[in-house]
Amino acid sequence: MPAARKKHRSNPEWIRRHVTDPYVKEAVRRGYRSRAAFKLGEIDAKDRLLRPGATVVDLGAAPGSWTQLVRERLVGPDGEIRGRIVALDVLPMEPIAGVEVIQGDFRDEAVEAQLASVLTDAKVDVVLSDMAPNLSGIGPADAARNAHLAELAIEFASRHLKSSGVLLLKSFQGSGHSQVVEALKRRFSSVGVRKPPASRAESAETYLLARGLKER
């Protein structure tokens, strides 16, 4: 699985914005590993993706803030997870109670076998992908990398989702975005765009929500 996009943490403007960001402050207060948890939380508040009893796979999960949010939404009054959560990434990730963490590339046969074992070959209700490429600044190359990650997530979802399942993936407005949308429409009955408030307005980042997996 390609590495996630790197932030320019040495950039003074990025540092200033980061330390004054209310989402960053709230993430620290609530123990989230990054502010990205709020993006998923805001989408889920509208679309109700994460329901008790669901089986959820988080692709490119590290450092784990989306997985933390998923766990919160699936925990019952007794503190036990109602459902199943699997976090996948090529990068190491600190454990989260009740979550199965698999380190490796989900395209590898060994990782696929491990996932099948964890899921006991059951189909998945929700596939999440917050994966993003390392950006070069060269528009066509970056668009191609983003489209490739989207294709990988779509193919994964096609193999593992229930017919009634949901795929939520990151994309970027601009070159290649419409191709990603078209690729989703070929595989899903419904495709929508989401721009949660926690996603900075100036960012080209957006999320695509696909429902109703079509038969091949």
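The shown structure was predicted, so the numbers you read here are calculated from the model rather than taken from an experiment.
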- request: Please check if the side chain of R84 supplies one atom and the backbone of L119 the other of a donor-acceptor pair under 3.5 Å.
  value: yes

Could you tabulate the donor-acceptor pairs under 3.5 Å formed by side-chain atoms of residues 180-193, not counting sequence neighbours?
unit_1	atom_1	unit_2	atom_2	d
R187	NE	S158	OG	3.1
R187	NH1	K214	O	3.3
S189	OG	G212	O	3.2

* Donor-acceptor contact present, side-chain D89 to main-chain L91, <3.5 Å -> yes

Applying the 4.5 Å side-chain criterion to the ILVMFWY set and letting contacts propagate, would V118 and V101 be lumped into a single cluster? no

Smallest heavy-atom separation, L88 atom then V111 atom, equals CD2-CG1, 3.7 Å

Please confirm whether the backbone N or O of V90 pairs with a side-chain atom of Q103, one donor and one acceptor, at under 3.5 Å? yes

Q. If we only count heavy atoms from C-beta on, is the K162 to L213 side-chain gap below 4.5 Å?
A. no

Problem set entry | Steps toward side-chain contact (heavy atoms from CB on, under 4.5 Å) verdict (L69, E72) | CA-CA 5 Å; L69 193 284; E72 279 186 9; 3.9 Å; yes

- Between D44 and L168, is any pair of side-chain heavy atoms under 4.5 Å apart? no

Value for NZ (K170) from OG (S199), rounded to nearest 0.5 Å, stands at 7.5 Å

Do I85 and L40 belong together in a cluster built from hydrophobic side chains that touch within less than 4.5 Å?
yes

Following the transitive rule for hydrophobic clusters with a side-chain heavy-atom cut-off under 4.5 Å over Ile, Leu, Val, Met, Phe, Trp and Tyr, establish whether L152 and V124 coincide in one cluster. yes

When rounded to the nearest 0.5 Å, the distance separating CG of D105 from CD of E112 is 10.0 Å

d(L149 CG, S171 OG) to nearest 0.5 Å is 10.0 Å

Shortest non-hydrogen pair, F38 vs Y23, comes out as CE1-O, 3.3 Å

**Asked** Taking E42 for the side chain and A198 for the main chain, is one N or O donor matched with an acceptor at less than 3.5 Å?
**Response** yes

One should read off an interatomic distance between L167 CG and L208 CG, to the nearest 0.5 angstrom, of 8.5 Å

Would you call V166 and L209 a side-chain contact if the rule is heavy atoms closer than 4.5 Å?
yes

Self-check item: Path from V99 to L128 over hydrophobic side-chain contacts below 4.5 Å
Solution: yes

*asked:* Within the 4.5 Å heavy-atom criterion, are R35 and P22 side-chain neighbours or not?
replied: no

Which atom pairs, donor and acceptor, lie under 3.5 Å between side-chain atoms of residues 46-57 and protein residues at least two apart or in another chain?
unit_1	atom_1	unit_2	atom_2	d
D47	OD1	R194	NE	3.4
D47	OD1	R194	NH2	2.9
D47	OD2	R194	NE	2.8
R51	NE	R48	O	3.3

With sequence neighbours left out, the residues meeting side-chain contact (heavy atoms from CB on, under 4.5 Å) with S163 are none

In terms of hydrophobic clusters joined by side-chain contacts under 4.5 Å, are L161 and V126 together?
-> no

When every non-hydrogen atom of M93 is compared with those of G64, the smallest separation belongs to CE-CA, 3.8 Å

One should read off an interatomic distance between S164 OG and K123 NZ, to the nearest 0.5 angstrom, of 11.5 Å

NE2 of H160 to CG of D121, rounded to nearest 0.5 Å, is 9.5 Å

### Query
Can you check side-chain contact (heavy atoms from CB on, under 4.5 Å) on Q173 and K195, steps first, answer last?
CA-CA 11 Å; Q173 296 282 359; K195 180 72 172 178; over 6 Å; no

Practice prompt. Return the orientation label for the W66 and Y207 ring planes: parallel under 30°, perpendicular over 60°, tilted otherwise.
Written response: tilted

Trace of the side-chain contact (heavy atoms from CB on, under 4.5 Å) decision for F106 with L115: CA-CA 9 Å; F106 61 73; L115 177 64; over 6 Å; no

Heavy-atom closest pair (I81 atom, A97 atom, distance to 0.1 Å) is CD1-O, 3.8 Å

* Answer yes or no: is there an ion pair linking E94 with R33, defined by an N-O contact shorter than 4.0 Å? => no

On a heavy-atom basis, the closest approach of R73 and A45 is NH1-N, 4.3 Å

Nearest heavy-atom contact between R82 and P77 is NH2-CD, 3.2 Å

Would D21 and R200 count as a side-chain contact (heavy atoms from CB on, under 4.5 Å) if you check the C-alpha gap in whole Å, the side-chain angles of each, and the deciding distance to 0.1 Å?
-> CA-CA 10 Å; D21 188 326; R200 294 186 175 102; 2.7 Å; yes

